[in-house]
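Let me begin by presenting the structure, written as structure tokens, before commenting on it.
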2 protein chains.
Amino acid sequence: MEKVTMKDVAIKAGVSKSTVSQYINNRYEYMAPATKKRIESAIKDLHYIPNYVAKSLKQKKSATIGVIVANILHSFTTEIIRVIEDTCKQNDFHIFVCNADDNPEKEQSYINMLIAKQVDGLIIFPTTGNLESYKQLRKAQFPVVFIDRKMEPVIFPTILLDNEKASELAVDCLLKGGKTRICLVGQSIEGGITPRLERIEGFKKALLKNGLPVNENWIVTADSHEINKQLLSVWQDEDNRPNAFYAINGMAAIHLLTFLKANNVRIPGDVSVVTMDDSPFLAASTPAITVVTQPNYEMGKDTANIILGLIENPELKEEYQVLRYQPKLIERESV
Amino acid sequence: MEKVTMKDVAIKAGVSKSTVSQYINNRYEYMAPATKKRIESAIKDLHYIPNYVAKSLKQKKSATIGVIVANILHSFTTEIIRVIEDTCKQNDFHIFVCNADDNPEKEQSYINMLIAKQVDGLIIFPTTGNLESYKQLRKAQFPVVFIDRKMEPVIFPTILLDNEKASELAVDCLLKGGKTRICLVGQSIEGGITPRLERIEGFKKALLKNGLPVNENWIVTADSHEINKQLLSVWQDEDNRPNAFYAINGMAAIHLLTFLKANNVRIPGDVSVVTMDDSPFLAASTPAITVVTQPNYEMGKDTANIILGLIENPELKEEYQVLRYQPKLIERESV
DNA sequence: TTGAAAGCGCTAACAT
DNA sequence: ATGTTAGCGCTTTCAA
């Protein structure tokens, strides 16, 4: 099956390889109808499938885009991937997805691998730590688009949520519900991960804007195995307990909800809760959780279209303006 | 950056292409240390990245495995993908994931695309409808492993959950909780999707085994937009209501939970609930939902190892025995 | 220890 | 309307 080549088809159809190539690429213009028919049936008889690898080598393009995500476990990531894939498919491009696991070395090795595989462009949820490599790509005029995280200087088109606004929406909603003692729940901020940093920053600003104090103890940013302990210490200070929680992403939400359940804290009776990123489970749970969502569809779609445009016309500007997308609040029953 | 070829490195290092090739492939055996050094620095200076496409063409292998999933929205799918990817990475293989969306034509086109891209093997969550194509692959001795769904005859290694056992676990658990009026919630069974069929079959057997009648009305198998309507009609028959629900996969679980919430049905007060496939949200919700889980890790790991073995030694047997994996019950608070 | 040369399967410019 | 030919960048004998 794999050994059938264009040559075999050519011989069987009694034409030259070039004519078969024309046929494969739908250029029937100057081809005699009879020839076309013969090639057609030769292909069918032999079960011929063209070899894209050879084609890519010759054409120096692969019609595929590499996608390096920081962490595939986030629902935001998988949803974005789906949109990117759909958009690419419509343009006859394929995507090759790699998971960097928030690890700069892994990311670097994937960048090299994908370049080696001759992808035509790269969509990256960048980790910090490979700036040199990005600059390299920039210098080579290689098409890249960043999403979700920002690199300074902004040398490639960058798509980001308005993260401060997202926190503002959450805080305002909680305040409207009469809760002023808000504890933020995040994940580790080592590594300077943009959305986490910006959401925390937005959280503080929103508090201040409303004349509320910022209590650093109520900004819980820890890794999975640490977070429970920290939440406990916040909660056990009975004289000074928060009456609301804001989880800054889906993972943090899971940790928070797990913690609250384990400690018999009732929502919204004891505390109100708002989390980032939606999930059908959050809507179906009791109480249904109020969330702030990202416009995944637009963000994914625009990312794909920008990279596609760059591939067609690889003219990188000196510096880019970060493109910001607006979050949305979905009020349910947890406030 | 992309235009640097082995030839450039060779010139810069003052050696021939062949020697550079040896270096790239870690064959330093008969290479003078000085030569090695020169090549090393030439590569660094030029930022040379080898072209895998050319390598693949020459070697007729790509060190990548195509993975065609039936539906990427199922958590089972994404978890399996992760395990497969990890296992492949350890063996210096990459995976190229495609989502067939339960559509046989899409699946067929992905099979062709991946073969065209010269993948060394295929892992498929098969839809029904492309049997001819599978036979083709079989005839060509092309390495393929099926997972999650069964094709008859079993011409490729096939990895499946013991689906009937899964239903038995769910039913037994519900019975133990004193609930005998159990309604199964699934998705459309058109297309003969193995796990759905087998879980329904196992459900019936488990009922019968316990001397309970099988009520076909209480086997709800509908598409997303229909399922709510059907559940409503089951529930509105007030004289004859189920007192327990069993959702046969993660999607069905979401529909069920959404329905129950919308209709103010309390769990486990009004009805007990058991669902297939776990999620952190299910564990953190109130009440925590009792689930039956699949051994994702083993299933993914074995799938990857089998395909890797087949690639190394492509000797397909005439027919295979389906490999069955055991589900597990995790009891929580919903029964 | 290193180099020369052929060829993987395809495309595209050029001939005819 | 169809064929000839020269590579794309690499690996791999074989020779030196």
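The model shown is predicted, which means the values in this text are computed figures rather than measured ones. The sequence lines fix the lettering, A, B, ..., with proteins before strands; numbering per chain opens at 1.
Partners of B:Lys37 according to the side chain to side chain contact (heavy atoms under 4.5 Å, CB included) rule, which considers only residues two or more places apart in sequence or in another chain, do not exist here. For the side chain to side chain contact (heavy atoms under 4.5 Å, CB included) test, residues two or more places apart in sequence or in another chain that qualify with B:Arg27 are B:Gln22, B:Asn25, B:Glu29. For B:Tyr28, the side-chain hydrogen bond (donor to acceptor under 3.5 Å, both in side chains) criterion is met by B:Asn26, not counting sequence neighbours.
The distance from atom CD1 of B:Ile39 to atom C1' of C:dG3 is 12 Å, rounded to the nearest whole Å. Atom CG in A:Leu46 sits about 15 Å away from atom C1' in C:dG9, given to the nearest Å. Residue B:Arg38 contributes atom CZ, which lies 12 Å from atom C1' of C:dT1 at whole-angstrom precision. The separation between A:Lys61 atom NZ and D:dG9 atom P is 15 Å, rounded to whole Å. To the nearest angstrom, P of C:dG9 lies 9 Å from CD of B:Gln118. In this structure, the OH atom of A:Tyr23 is 17 Å from the C1' atom of D:dA1, given to the nearest Å.
Pairs of residues two or more places apart, or lying in two chains, that qualify as ring-ring contact (aromatic ring centres under 6.0 Å, His included) and include a residue from residues 49-98 of chain B are A:Phe96-B:Phe96.
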Heavy-atom contacts, protein to nucleotides 10-16 of chain D, under 4.0 Å, summarised as B (base), S (sugar-phosphate only) or - (none) per nt, yield BBB----
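Side-chain contact annotation: A:Thr127 with A:Glu107, donor-acceptor N/O pair under 3.5 Å present.
Among the heavy atoms of the strands, none lies under 4.0 Å from B:Ser56.
How far CG of A:Asn51 is from CG of B:Leu57: 6.0 Å, rounded to the nearest 0.5 Å. Remark: B:Arg38 CZ to B:Ile43 CD1 distance equals 12.5 Å, nearest 0.5 Å.
Axis angle between the ends of the helix from C:dT1-D:dA16 to C:dT16-D:dA1, five pairs each and rounded to 10 degrees, works out to 40°.
By the neighbour-count criterion of 12 heavy atoms within 6.0 Å, atom CD of B:Glu298 is densely surrounded, having more than that number from other residues, nucleotides or ligands.
For the pair B:Ser16 and A:Leu57, nearest-nucleotide mapping onto DNA chain C gives the more 5' position to B:Ser16.
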field: Pair A:Tyr320-A:Phe146, ring-ring contact (aromatic ring centres under 6.0 Å, His included): steps then yes or no
entry: CA-CA 11 Å; A:Tyr320 286 87; A:Phe146 286 146; over 10 Å; no
